[in-house]
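The block underneath contains the structure these notes are about, expressed in structure tokens.
Protein chains get the first letters and strands the later ones, always in sequence-line order, with residue 1 at the start of each. From a predicted model like this one, the values you see are computed outputs, not experimental measurements.
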Amino acid sequence: MRKRFSVFDFFELFTIIITIIVIIFSSTLILAIVLKGLPYLGEAFYSEEVRFSIKLSLYTATISTVICMALAIPTAYALTRTSFPFKKLCQIIIELPLSMPYLVLGLSLLIIFSSDFGKALKSMGFKVVFDKNGIILAQTVVNLPYVIRFIRTAFEEVDERLEFISGSLGATKWERFITITLPLSKNAIITTIILAWSRGLGEFGATLMLVGATRMKTETLTTSVYLNLATGDTGASMASATVILIISLISLFVTNWIGKKNTQESRMKDVKSW
Amino acid sequence: MRKRFSVFDFFELFTIIITIIVIIFSSTLILAIVLKGLPYLGEAFYSEEVRFSIKLSLYTATISTVICMALAIPTAYALTRTSFPFKKLCQIIIELPLSMPYLVLGLSLLIIFSSDFGKALKSMGFKVVFDKNGIILAQTVVNLPYVIRFIRTAFEEVDERLEFISGSLGATKWERFITITLPLSKNAIITTIILAWSRGLGEFGATLMLVGATRMKTETLTTSVYLNLATGDTGASMASATVILIISLISLFVTNWIGKKNTQESRMKDVKSW
Amino acid sequence: MVNSMVEIKKYSIQLGKFKLKNINLNICEKEIFAVLGRTGSGKTVLLESVAGFYRSFSGEVTIQGQQVIDIPLEKREIGFVYQDFGLFPHMTVYDNITYGLKIRRKDKEYKKKMADRMAEILSIGHILNQYPGTLSGGERQRTALARALILEPKLLLMDEPFSSLDPATKETMYQQIKKIHEIFGCTILFVTHDFNEAQIMADRIGIMVNGELKGIRKSADLFESYQDEEITEFLSGFQERRMCI
Amino acid sequence: MVNSMVEIKKYSIQLGKFKLKNINLNICEKEIFAVLGRTGSGKTVLLESVAGFYRSFSGEVTIQGQQVIDIPLEKREIGFVYQDFGLFPHMTVYDNITYGLKIRRKDKEYKKKMADRMAEILSIGHILNQYPGTLSGGERQRTALARALILEPKLLLMDEPFSSLDPATKETMYQQIKKIHEIFGCTILFVTHDFNEAQIMADRIGIMVNGELKGIRKSADLFESYQDEEITEFLSGFQERRMCI
Amino acid sequence: SSKSETKAEETTNQEQSLSGQTVFVYCGAGMTKPFGAIADAFKEETGCEMEVVYANAAQLQNQILTTGEGDLFIAGSADELTPVKDSVTESKDLVKHVPVLAVKSANPLGILGLNDLTKEGVEVVLGDADATPIGKIANKALTDLGILNNVNVIARAATAPEIFNALSVDECSAIIVWKENVTGSSTEIVKTSDLDAYVKTVPAAKLSSSKNTEALEAFMTFLDSDAAKNIWKTNGYEVLN
Ligand SMILES: Nc1ncnc2c1ncn2[C@@H]1O[C@H](COP(=O)(O)OP(=O)(O)OP(=O)(O)O)[C@@H](O)[C@H]1O
Ligand SMILES: Nc1ncnc2c1ncn2[C@@H]1O[C@H](COP(=O)(O)OP(=O)(O)OP(=O)(O)O)[C@@H](O)[C@H]1O
Ligand code: MOO
Ligand SMILES: [Mg+2]
Ligand SMILES: [Mg+2]
């Protein structure tokens, strides 16, 4: 009889091998960028243009993520917790832009915000086309369908019985939502925020279409990557890409730390890998 | 005392208003595309080129989704259910490309697959650059970080105690995974598949970089949108975009139907909206 | 006659193949009413019905004269101890217990005071910082009890509230609940499988048989002879044993 | 002496503030052993320890001479009836019950035959198509029992397996489990709060007091005098009541 | 369709020599239409497979440099050859690439030449001055006139079609863009000679990586044919002699 059974059975081994393949591939991908970008990185950090676009990227990605969540959370709530006519249809309309090329979404935005409606907005001081606002808008539109879909899925997984119990203890719908539904979908929401923010940083199809790429005005890091690539300046381009990687790295560290599972919540913490 | 309390309280009303805003916005976005594309749609369907790109789009998006899932599910399992050294680091490496502009990922792929390694692959019959395979690869690379992240989150939410119980009933790790973990994360997985497939349909940044757009050979619907836009042929471009919308619509209907919640699983089915 | 707290009239509901049939019950203010019955006979469904959990039924359930489903959930002021506890997994025992107080915007000191009082009554002081996932069965049950009791509800619905406790702890619980009942003056409707418990605690007892509530009577008269054969059969097992001891 | 099935030697484990201290226990083949004890005293932790749930402990637990944590989980062949049932929420009762058989690649007919037999023994034939979420407490408990029993395990660990059942159903269960025990010849270690149940079912009884397993003796001698004050106190409540009936 | 089949057969009979061979071309995305037609015509005539990768100039340059594959590069302007000059063996000019000044139709602001761009209320969108050839041209032209700093450039776009989009959705009053970009009835080209000095040529550059001399030479010859020139013309390009 095998006394000390190997810790890895075949299936586990298989998953670990796949993981190693994915990691190798991912590292190669990253290295290919970093190796090209590294020699120009110092230069990039000294460039005012790059510093401007770092700020603009962080600013727009953050604001668009906030807007996305502010729209998506109520929408996901309404889609999963209330009943109104044509709900399924509404849901499909909301999710339809999922597979649109970002370029098309950008063009669509350009058409909408160049219409009389957009002109009216502009005269009221809310400029979108060729403006920072447009970057935020483009990122929001690109992300919203996903974000809604993921938060909806998360809310659906929450045990509604706990919400009922919370209600019977005196919590209004709003309080039930804040104290039960939201905390119980915390992990999915953190993941979705990371998605939205990362996509905000990396998006350029819709942005270029709606706001163009005016240096030092609407130039995000990603636009900078694009412009430098178009100029033939691959080094500077990869330097900008490396900056994005660094930002991404920091944000992943931070969110990993926030999203850590509370091991105190069950008896299982000690029990991994039987 | 108010006898018939209004069905909508303020919070619910608020979420529904937000939802309506989102729906209006989403419809406008879609309409702006469809209205431009509709007059050219008939023409598009008769064009052999469009028919080819529909097929190619469906083919590549489907294959890349399959590959993505085939890589992501084992990886997510290894990341959540096994222990190996530097797990947190591995996880971050895998998720780092999240915020990369697709263009950069495409360039990175181009660099890797034009290297001696890529040349060797090519001589072995696996062509990537300027080839269909490249489209699949680009879509896979673009989607993989998200897909892994979402499936990982889903697996983390599964009650590990049920897996232990399954094991104590005689199930090997593989069987536990297939009968417990996977079905319990079904909804999240369906949502992730929709994401990957939709993004596969809509992606063009990485694809264009890696394989360009050769008519009737590597022209997907999305590259067709891009090329027509670049030529100034907005009508044809929007017609292709409308085709994508139609495909998307069909797929959403189908998946909505598959992902329907099994209301028989609890006593709550009758109980909505207290 | 004293005021009636819960009135159930011609209440019927169908859940899958199971039917709760034509329930008629009047529970007075401050009364303690116990429901006995075989497993799967519909006791939990009855309690859930009183709490207004279901929407598609016939007949009516009123609490203090108001249709229960017309009262918004958060205004019903019903304490419910669920058979499977229904604790909030992401909150510590302390946060679970004081949840209702937090919702009512009570200040920290008040919450602390009340939680400590509850913890003392139910002897769960040592687990206040644990999460429900780490608790023992009996600890979970008492946490669920504390969460309902802390709000001093007018109506307390308890579904087998002592089933996971050892006899010694049970005894203490009986005394504590009786004391609370006296102080708050709440009405209690509870389900139990323990005839002894029903007799100790309740003023009246009803027996649920296949979805029908039968043989409602004073708890002292529980073992008096019944017309209904099913009831006799249900009680017989226990009676036999009681005799042989 | 007969062969020993479970051997626990100097077993200690710490979970949060709780400690299970220096457990020593030998359970023979085919023996039925009951664990009594106050709520939160560590009975469930003891059962989980025997099943090899924890990894960081001192001392040892062996099953038929093998360290339990060295046996891969899926080869342990332990039937475990969990206190909170642990049913698979996405499977019907039938699929829950036959889960172990499916894993063992038994054919459809065999599964059906066994499931029907279990359903008859435990009277759950009418709920085979329901999902756990819709079941009553007692139905869940018997589903959990059926899922463990259907595999005819050599060792059966049951954590308060009849707590959600009415007295009449309980009586039937005692008979059925005893019958099954005779036929399969399995060893049973179970936790209960019901002294009567322990005496009816068990050969020997142990009492868990604050993480220590004390006063192990023949079940007939349960109420004989003890040296240990804590045990005497624990048993006293029941004894008093027993006397007054 | 039976007609075209017989036609195809005839051509196959005439010049079977190139069938089975492939010419691999990189072509600027802006010229997708005319070049696609030319490639089709060449294939029909010779049976030679045409593989054309369309993308913007920068992507194409990257692909040429990174992969070291391909036979021919058709760029939007001869300047685009600079980054890949080491990979180019010889190039020849095909057609003129004409930059124009475009405004809303009916020219509401009365813009008659580049100097009018400095007028009050005129908002201009141009290409990025480094990344797009058309942006470089605009900058050069305005700098030569000494008015670059007086022109209200509200935005710069990354591709020519995006510049044109800005005008066609009425987000600006004037643009400088390639002639073939200006389509539709909502815009018009200003008749001025201000940009005549900045006309570029579209080069066809043979790449050093080409291993397919015979087919490539045949195609280069075909590019000089009337058939090819007519295709350029019908797509709004001016053919060089
Ligand atoms: N949604 C449903 N679909 C099908 N059957 C249901 C549903 N809800 C409840 N039932 C059935 O109704 C019956 C009564 O359930 P209930 O929970 O009231 O039993 P109970 O008297 O509380 O039993 P126990 O003492 O075991 O808790 C059970 O047989 C249960 O299976
Ligand atoms: N991970 C943990 N962290 C902190 N305390 C724990 C943990 N696991 C168990 N405990 C504590 O250990 C004690 C014993 O738990 P156990 O479940 O064994 O009790 P029990 O004897 O089964 O009680 P009951 O009869 O109520 O089920 C409890 O007080 C419980 O709170
Ligand atoms: O078609 Mo171009 O070379 O991107 O202007
Ligand atoms: Mg019940
Ligand atoms: Mg226990």
Side-chain angles (χ1 to χ4, degrees), chain A residues 9 11-12 15-16 18-19 22-23 26-30 32-33 71 74-75 77-78 82-84 90 92-101 103-104 108 111-112 146 149-150 153 156 160-161 167 173-174 187-188 191 195 198 201-202 204 222 225-226 241 244-245 248-249 252 268 273-274, chain B residues 9 11-12 15-16 18-19 22-23 26-30 32-33 71 74-75 77-78 82-84 90 92-101 103-104 108 111-112 146 149-150 153 156 160-161 167 173-174 187-188 191 195 198 201-202 204 222 225-226 241 244-245 248-249 252 268 273-274:
Chain A
D9 70 356
F11 168 60
E12 247 185 15
T15 66
I16 289 178
I18 296 277
T19 310
V22 170
I23 289 168
S26 193
S27 328
T28 319
L29 217 58
I30 294 167
I33 298 165
L71 291 175
T75 305
Y77 180 90
T82 71
S83 47
F84 54 86
C90 291
I92 285 178
I93 289 177
I94 291 173
E95 289 169 9
L96 208 46
L98 271 178
S99 49
M100 275 297 97
L103 204 66
V104 173
S108 188
I111 294 169
I112 294 172
Y146 297 102
R149 172 87 202 200
F150 278 110
T153 306
E156 269 170 11
E160 288 189 57
R161 218 172 135 248
K173 287 187 174 160
W174 160 248
N187 281 335
T191 292
L195 165 85
S198 304
L201 277 188
F204 74 99
T222 308
V225 169
Y226 179 85
I244 299 180
L245 274 178
S248 190
L249 188 70
L252 281 178
M268 303 295 290
S273 74
W274 312 280
Chain B
D9 71 355
F11 169 60
E12 248 187 14
T15 65
I16 289 179
I18 297 276
T19 310
V22 170
I23 289 168
S26 193
S27 325
T28 318
L29 216 59
I30 294 167
I33 298 165
L71 292 174
T75 306
Y77 181 91
T82 70
S83 46
F84 54 87
C90 291
I92 284 177
I93 290 176
I94 291 173
E95 288 169 9
L96 209 46
L98 270 179
S99 51
M100 275 295 98
L103 199 70
V104 173
S108 188
I111 293 170
I112 295 171
Y146 296 103
R149 172 85 201 202
F150 277 109
T153 307
E156 269 170 11
E160 288 189 58
R161 213 166 141 253
K173 284 186 176 160
W174 160 247
N187 281 334
T191 292
L195 165 85
S198 303
L201 277 189
F204 74 98
T222 307
V225 168
Y226 172 84
I244 299 180
L245 275 178
S248 190
L249 188 69
L252 282 179
M268 302 296 289
S273 75
W274 311 280

> Closest heavy-atom contact between B:Thr15 and A:Pro74?
Replying inline: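 Minimum heavy-atom contact is CB-O, 3.4 Å.
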
Could you state the interatomic distance from [atom1] ([X]) to [atom2] ([Y]), rounded to the nearest 0.5 Å?
{"X": "A:Met100", "Y": "B:Thr222", "atom1": "CE", "atom2": "OG1", "value": "8.0 Å"}
{"X": "A:Ser83", "Y": "B:Ile16", "atom1": "OG", "atom2": "CD1", "value": "7.5 Å"}
{"X": "A:Ile23", "Y": "B:Ile94", "atom1": "CD1", "atom2": "CD1", "value": "4.5 Å"}
{"X": "A:Ser99", "Y": "B:Leu201", "atom1": "OG", "atom2": "CG", "value": "5.5 Å"}

Quiz item: Using a cut-off of under 4.5 Å for heavy-atom pairs, which of B:Leu252, B:Thr28, B:Leu71 has the most such pairs with chain A?
Solution: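 Highest number of heavy-atom pairs under 4.5 Å: B:Leu252.
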
- Item | chain A contacts, top residue of B:Pro97, B:Ala188, B:Gly167, B:Ala78 (heavy-atom pairs, under 4.5 Å) |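 When all of B:Pro97, B:Ala188, B:Gly167, B:Ala78 are compared, B:Ala78 has the most.
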
Main-chain N/O of B:Ile93 paired with A:Ser26 side-chain donor or acceptor, under 3.5 Å:
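Answer holds: yes.
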
Checking the side chain of B:Ser108 only, and the main-chain atoms of A:Ala32 only, is there a donor and an acceptor separated by less than 3.5 Å? no

Q. For the residue pair A:Tyr77 and B:Phe11, is the inter-centroid distance of their aromatic rings smaller than 6.0 Å?
A.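 They qualify: ring centres under 6.0 Å apart.
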
Are any non-hydrogen side-chain atoms of B:Thr19 and A:Cys90 less than 4.5 angstrom apart? no

Item to check | Listed partners of A:Leu103 passing side chain to side chain contact (heavy atoms under 4.5 Å, CB included), at least two apart | outcome: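 By the side chain to side chain contact (heavy atoms under 4.5 Å, CB included) rule, A:Leu103 matches B:Phe204, B:Tyr226, B:Leu229.
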
Sorted by chain and number, sequence neighbours left out, side chain to side chain contact (heavy atoms under 4.5 Å, CB included) with A:Thr191 holds for B:Arg149, B:Phe150, B:Thr153

Of the listed A:Val225, A:Leu96, A:Ile30, the one with the largest count of heavy-atom pairs under 4.5 Å with chain B is A:Leu96

Applying a strict 4.5 Å limit to non-hydrogen atoms, the region of A:Ile112 in contact with chain B is side chain

* Is it the side chain or the backbone of A:Ile111 that comes within 4.5 Å of chain B heavy atoms, both, or neither? ->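 It is the side chain, since no backbone atom gets that close.
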
